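To keep things clear, I will list the structure first and then write my remarks on it.
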Amino acid sequence: MRMQKQPWTGTRPPMTAKRALDLVLGSALLTLTAPLLAAGALALAARRPAGGVLTRSTRIGLAGRPFVLRSLRTRRLRLDLLSRLPHVVRGELSLVGPEPLAPDDERAGGAGARHWRQELRPGLTGLAQIRSRSGMPWDEPALLDQHYAEHHWLGLDLAILAEAVRVPLRATVRGLTHRGKAHLSDTDHRLRGYSAAE
């Protein structure tokens, strides 16, 4: 007698386009950055920091489930952020989402906040992170996180990821450009035959 396949009755959410993006892009990024992360971990281990090379803190994830967030103890080259990619692949974080909050964070328990925060995974980056430097009054992180939760779609995720990559790259290029110009003197820009006495 042939057994009928039973439908899935577990708590695993169905695969969505957002989760597929997290798996594919998160796995690719983790593969590409693994040597850099390993080198960073070795450099930290050589300095023997108190508490080890990783920070560990409890955060609230999808459906209010807590998980331990691990990050490298350095912000150099954004290695702390990249070291969280295993959480993306495992499904504890998303590439894009609201900030992962600690269980005792008051923002997690505000009126209406708990409901929308539990409906999606927290992210490595998000709308609040890329808009944090604008200084506009409506760019409060909690409001931006809530706006993202209410209006998120794959196109918005891709735009946020592109901006999250563009801003640090632009800052790096600007820093290199200014560093190069700092060595030039006023005389380097003068036309041949120019004299200050003229």
Side-chain angles (χ1 to χ4, degrees), residues 18-108 117 120-134 139 141-142 144-145 148 157-183:
K18 182 175 176 63
R19 180 64 189 136
L21 177 69
D22 286 344
L23 274 174
V24 173
L25 188 54
S27 298
L29 287 171
L30 185 57
T31 302
L32 289 171
T33 59
L36 186 60
L37 292 172
L42 286 172
L44 281 171
R47 290 178 14 205
R48 298 184 180 180
V53 299
L54 295 175
T55 62
R56 293 170 179 82
S57 55
T58 302
R59 293 290 184 261
I60 299 298
L62 184 66
R65 287 190 295 268
F67 68 97
V68 178
L69 181 66
R70 294 173 178 85
S71 306
L72 278 177
R73 290 184 186 273
T74 177
R75 298 198 65 76
R76 193 166 295 167
L77 301 175
R78 302 305 304 252
L79 289 183
D80 59 328
L81 198 62
L82 293 172
S83 67
R84 298 177 183 177
L85 283 168
H87 293 288
V88 173
V89 176
R90 284 197 300 264
E92 295 164 331
L93 288 178
S94 180
L95 289 170
V96 179
E99 180 185 358
L101 299 179
D104 58 350
D105 193 307
E106 60 184 19
R107 291 173 293 170
R117 282 194 182 274
L120 66 163
R121 292 175 179 88
L124 284 184
T125 190
L127 192 57
Q129 287 87 343
I130 65 167
R131 296 292 299 271
S132 64
R133 295 180 186 89
S134 76
D139 283 352
L144 289 168
D145 278 345
Y148 173 81
D157 280 11
L158 292 171
I160 289 170
L161 286 171
E163 186 69 8
V165 170
R166 187 184 69 82
V167 170
L169 279 179
R170 187 175 63 182
T172 302
V173 169
R174 187 179 294 152
L176 291 173
T177 303
H178 288 317
R179 191 180 306 155
K181 287 182 178 176
H183 297 293

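Keep in mind the model is a prediction, meaning the values are calculated, not measured. These values consider heavy atoms only, across backbone and side chains, with no hydrogens, waters or symmetry-generated copies.
Checked by atom type and distance alone, the side chain of Lys18 pairs as donor or acceptor with a backbone atom of Val96 at under 3.5 Å. Between the side chain of Glu163 and the main chain of Ile160, no donor-acceptor pair closer than 3.5 Å is present. Looking at Arg59, its side chain never comes within 3.5 Å of a backbone N or O of Leu69 through a donor-acceptor pair. Side-chain atoms of Ser83 come within 3.5 Å of backbone atoms of Asp80 as a donor-acceptor pair (strictly under, hydrogens ignored). For the pair His87 (side chain) and Arg70 (backbone), a donor-acceptor distance under 3.5 Å is present.
Proximity of Leu62 to Arg121: side-chain heavy atoms (C-beta onward) are separated by under 4.5 Å at one or more points. When side chains are defined from C-beta on, Leu158 counts as touching Leu21, because their heavy atoms get closer than 4.5 Å. Side chains of Leu37 and Leu82 form a contact here, defined as non-hydrogen atoms less than 4.5 Å apart. You'll find the side chain of Pro100 reaches within 4.5 Å of the side chain of Leu93, heavy atoms only. Side chains of Leu120 and Tyr148 form a contact here, defined as non-hydrogen atoms less than 4.5 Å apart.
Atom CG of Asp22 and atom OG of Ser94 lie 3.5 Å apart (nearest 0.5 Å). Between the CG atom of Leu79 and the OG1 atom of Thr74 there is a distance of 6.0 Å, given to the nearest 0.5 Å. How far CG of Leu36 is from CG of Leu72: 9.5 Å, rounded to the nearest 0.5 Å. Note that CG of Leu161 and CG of Leu25 are 6.5 Å apart. Values are rounded to the nearest 0.5 Å. The structure places OG1 of Thr58 at 13.0 Å from CG of Leu101, a figure rounded to the nearest 0.5 Å. For the atom pair CG of Leu54 and CG of Leu44, the computed distance is 8.5 Å after rounding to the nearest 0.5 Å.
Using a 4.0 Å cut-off between charged side-chain N and carboxylate O, Asp145 and Arg117 make a salt bridge.
Within 6.0 Å of CZ on Arg48 lie no more than 12 heavy atoms contributed by other residues, nucleotides or ligands.
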Between Arg84 and Ser71, is a side-chain hydrogen bond (donor to acceptor under 3.5 Å, both in side chains) present by the stated rule, with each step listed? CA-CA 6 Å; Arg84 298 177 183 177; Ser71 306; 2.7 Å; yes
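For the pair Gly26 and Val88, the tightest heavy-atom approach, listed with the atom from each and the gap, is CA-CG1, 4.4 Å. Contact detail for Arg19 and Val89: the closest heavy-atom pair is NH2-O, 2.8 Å.
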